[in-house]
Structure formats: structure tokens, C-alpha cells
Protein chains: 2
Amino acid sequence: METVVSEKKQRILEAAACLFRDKGYSATSMRDLAGAVNLKASSLYNHISSKEEILQEICLANASRFHRGMEQIRELPEDDPQGRLEALLKLHIRIATQDVTSVTSFNDEWRHLSEPYLTQFLDMRRAYESFFRRVIRKGTEQGLFRPADESVVLYSLISSLRWLYDWYEPGKRLAPADLEEQLIPLLIRGILVG
Amino acid sequence: METVVSEKKQRILEAAACLFRDKGYSATSMRDLAGAVNLKASSLYNHISSKEEILQEICLANASRFHRGMEQIRELPEDDPQGRLEALLKLHIRIATQDVTSVTSFNDEWRHLSEPYLTQFLDMRRAYESFFRRVIRKGTEQGLFRPADESVVLYSLISSLRWLYDWYEPGKRLAPADLEEQLIPLLIRGILVG
DNA sequence: GTCTATATAAGGATAGAC
DNA sequence: GTCTATCCTTATATAGAC
């Protein structure tokens with residue numbers, strides 16, 4: 001599954017993530033990207049086969065980060081939905097603070113994937129969201145979370161963390177641990193009973 | 001300030017907002033837009049002077065909606081930060097549920113504005129955020145809101161409402177009033193002391 | 001006010017020399 | 001593996017007939 005990626009290809013993918021975040025996928029040209037890594041546009045094709053392949057790799061890489069995180073959280077006891085929910089929130093914060101640019105273009109630019117990659121991507125996202133939903137539902141059934149519309153809780157939680165991708169500056173002001181300490185209670189207090 | 005807009009121009013702006021939301025500004029061509037309103041691309045230029053002018057009008061219109069809302073909330077008593085905060089959240093929910101498509105492309109596509117419109121737009125946004133910040137600060141000073149990093153509170157609130165723009169389907173499942181009833185306590189309980 | 005035709009620029013991608 | 005040159009398509013926008 002994991003493909004070996006040459007050092008140069010990695011540099012290209014990183015520069016692309018940066019440009020996609022700043023200008024968007026469509027507004028980023030292969031000439032822009034080539035300039036960012038000191039190459040001519042045609043030379044890029046020695047490392048990647050098309051512009052879209054770059055987006056595919058960025059999206060897949062980040063979808064995998066969420067997927068792996070989910071698999072670990074699945075190991076936590078099912079009857080501790082608060083623990084699982086906190087772990088999910090931590091996962092988002094950790095991913096955002098570790099590789100901001102890549103996850104931003106993953107968040108915003110996936111819609112430019114062509115088939116079958118688009119469907120594949122949406123399937124992965126659906127699976128992730130559906131796990132998240134089960135955690136919420138379990139907490140509500142246990143009477144631990146306040147009764148509320150599941151989608152409202154899900155999407156407001158997920159999207160309340162999305163600003164990190166635009167905003168977080170590594171090494172500045174708030175360390176990842178401080179962010180977790182501030183954000184998780186802020187979000188979870190709205191949900192818990194009591 | 002308010003420009004008179006012909007009926008046809010209005011239709012073009014609405015179709016454009018729709019396309020910008022679905023495909024993004026850059027990936028939307030004038031031919032796409034022309035097709036959506038049953039014209040040839042060149043005919044569009046009888047109604048608008050450039051593709052970017054469309055984006056400018058969409059962004060300005062929505063920035064104004066937030067600006068007008070803010071001016072009304074400014075009338076509320078300054079020493080009731082909870083009331084003001086709830087009004088701000090209501091404003092976002094109302095704008096999102098009233099004209100979903102337009103506000104979405106406003107949210108996501110403003111970065112494609114060229115100067116001096118970009119600076120103008122960012123100035124308006126800064127002014128809005130700074131009012132929002134003052135409300136948060138006042139609540140914290142009064143001991144009504146839990147002490148927390150102002151930016152963390154601001155951005156997590158604002159972005160926790162941004163999913164509405166992607167998700168909300170007018171007339172389906174949840175009425176705007178139900179949304180308010182669910183979302184505002186969910187968000188505000190995380191902030192309030194006690 | 002809409003059309004056809006076209007100007008002009010920029011886009012993704014390939015061929016072939018080095 | 002990188003370059004120059006180039007192909008082909010698509011983009012925004014304009015000119016001018018109707």
C-alpha cells in the first residue's frame with residue numbers, strides 16, 4: 001500500500017501542498033510549482049505523471065493519517081465514549097499541528113479529484129464520519145452526552161477544529177499541548193450532561 | 001453605496017455563486033457560467049465587465065450582511081456580553097440558512113480577489129473579528145466566560161458554524177429556529193463559567 | 001442584448017537534445 | 001534528470017454583424 005517516494009518527489013509534493021493551500025489547486029499551475037522547486041515545468045514529469053496525481057497523493061496521505069488514528073481509537077473501550085471522543089479531538093489537533101499545509105489542501109481541494117479517486121476519497125471520509133457518529137451515539141445512549149441532533153454535533157465539532165489548518169503557526173504562541181488543553185474542554189463541555 | 005442591479009445580472013450572480021461553491025472560482029469558466037444562464041460566454045459581458053467583478057460583488061454583498069448584523073448587535077448593551085455573543089451566533093446561523101450558496105463562495109473564494117479589493121475585504125473582516133473579540137474579552141473580564149485564549153475561542157466559534165454553509169439544506173430536516181436552539185447552547189456552554 | 005468569430009494569453013503535457 | 005521547443009486545449013475578453 002505504502003509507496004516508496006523519492007526525496008525529490010517528496011519536495012515537490014510539499015511545495016504543491018503549500019501552493020494548493022495558498023492559491024487553490026486550480027489556480028496553481030505546473031509552472032508555479034516548477035518555480036517553487038527550481039525546475040522547469042516539463043522536468044516535473046520525471047517525478048510525477050500529472051498534476052492530479054499530486055493531489056491524489058496528498059489526499060490519500062492525509063486520509064490515511066485520519067484512518068490510522070481511527071484504528072487506534074477503536075482499541076479504546078467502546079463503553080467509554082467520552083474517552084473516545086477526546087481521543088478523536090486530540091487526533092484532529094495533532095494532525096493539524098503536525099503538518100498544517102498538507103492537511104489544508106486535503107481539506108479544501110479534494111473536490112478536484114476525478115473519478116474513481118473522488119468516490120474512493122468520499123468512501124474513506126464516510127467511514128471515518130460514521131465511526132465518529134457511533135461514538136456520539138453511544139455517549140448519548142449512555143446518558144453521558146446531552147440529547148442532540150447527531151449531525152449537528154458531528155459537524156460542529158469537526159469544523160470547529162478546521163480553523164487550525166488555516167491559523168496554526170508551528171512553534172508560535174501556543175504549543176500543541178496547550179491547544180489541546182484549551183480546546184478539548186471548550187468543545188466537550190457543550191456536549192456533556194451536567 | 002447600494003448599486004441597482006438588473007434582474008438578469010442578479011440571475012448571473014446567483015448562478016455564479018452556485019458554480020463557485022461547487023467547483024471553486026478558478027475552476028469555473030465563463031463558458032460554464034454562460035451555459036448555466038443559457039447564454040454564450042461573450043454575452044455575459046453585456047451585464048458584467050469581468051469574471052472578477054462577479055466575485056467582488058458576491059464578496060462585498062456578504063461582507064455587508066455581516067457588517068449590518070454587527071451594527072445592530074452594537075446596539076445591545078455592552079455589559080451583557082452573553083446576549084451579544086448569542087446574537088452574533090444567531091447572525092451567523094441566520095445568514096447561513098438564508099443564502100447558503102452566496103455565503104459559501106464568499107467564505108472560500110475571497111482569496112482570488114485582486115488588489116485593492118483583497119485589502120478592502122480583509123479590512124472589513126478584521127473589523128468584524130475585532131468586534132467579536134471585544135465581546136469575548138468583555139465576557140471574560142466580567143468573569144462570565146471562562147478564561148481562555150481569545151483567538152482560540154474566536155476562531156473555534158466562527159469555524160464551528162462554517163459547516164452550515166456546506167451542509168445546510170433549506171427546508172430539510174432542521175428549520176433555522178431548531179438549529180439555533182441546538183447549536184447556541186452547545187457552543188455557549190463550553191464558554192460560560194459554571 | 002445576443003450572436004459568431006477571433007484575439008491573446010495561459011494552461012497541461014510531450015518530444016527529443018544534452 | 002533537466003532543459004528548450006512545441007503541441008494542443010482552454011481560458012478571458014473584444015469586435016462587429018444582426
What nucleic acid atoms does B/Thr28 come within less than 4.0 Å of, heavy atoms only: base, sugar-phosphate, or nothing?
-> sugar-phosphate

Would A/Tyr25 and A/Glu52 count as a side chain to side chain donor-acceptor pair (under 3.5 Å) if you check the C-alpha gap in whole Å, the side-chain angles of each, and the deciding distance to 0.1 Å?
-> CA-CA 9 Å; A/Tyr25 174 77; A/Glu52 202 196 304; 5.2 Å; no

Quick one: are the ring centres of B/Phe106 and B/Phe121 less than 6.0 Å apart?
-> yes

What's the [atom1]-[atom2] distance between [X] and [N], to the nearest Å?
X	N	atom1	atom2	result
A/Ile48	D/dG1	CD1	P	14 Å
A/Leu44	C/dT14	CG	P	12 Å
B/Leu19	D/dA11	CG	P	12 Å
A/Glu7	D/dG1	CD	C1'	15 Å
A/Leu33	C/dG12	CG	C1'	12 Å
B/Lys23	D/dA11	NZ	C1'	12 Å
B/Tyr45	D/dA15	OH	C1'	14 Å
A/Lys51	D/dT10	NZ	C1'	13 Å

What are the atom names and distances for every N/O pair under 3.5 Å that joins the protein to nucleotides 3-7 of chain D?
residue, atom, partner, partner atom, Å
D/dC3, OP2, A/Lys40, N, 2.7
D/dC3, OP2, A/Ser43, OG, 2.9
D/dT4, O4, A/Ser42, OG, 2.7

Nearest to side-chain heavy atoms of A/Ser29, which nucleotide of D/dA13, C/dA13, C/dG12 = C/dG12

Determine which pairs satisfy salt bridge (Lys or Arg N to Asp or Glu O under 4.0 Å) with at least one residue from residues 175-194 of chain A, sequence neighbours left out, and list them in order.
-> A/Arg94-A/Glu180

Electrostatic pair A/Arg74-A/Glu71, nearest N-O below 4.0 angstrom = yes

Among pairs that include at least one residue of residues 75-102 of chain A, which meet ring pair (Phe, Tyr, Trp, His ring centres under 6.0 Å), considering only residues two or more places apart or in two chains?
-> A/Phe66-A/His92, A/His92-A/Tyr128

If Ile, Leu, Val, Met, Phe, Trp and Tyr residues are connected whenever their side-chain heavy atoms lie under 4.5 Å apart, and connections chain through other members, are B/Val193 and B/Leu154 in the same group?
-> no

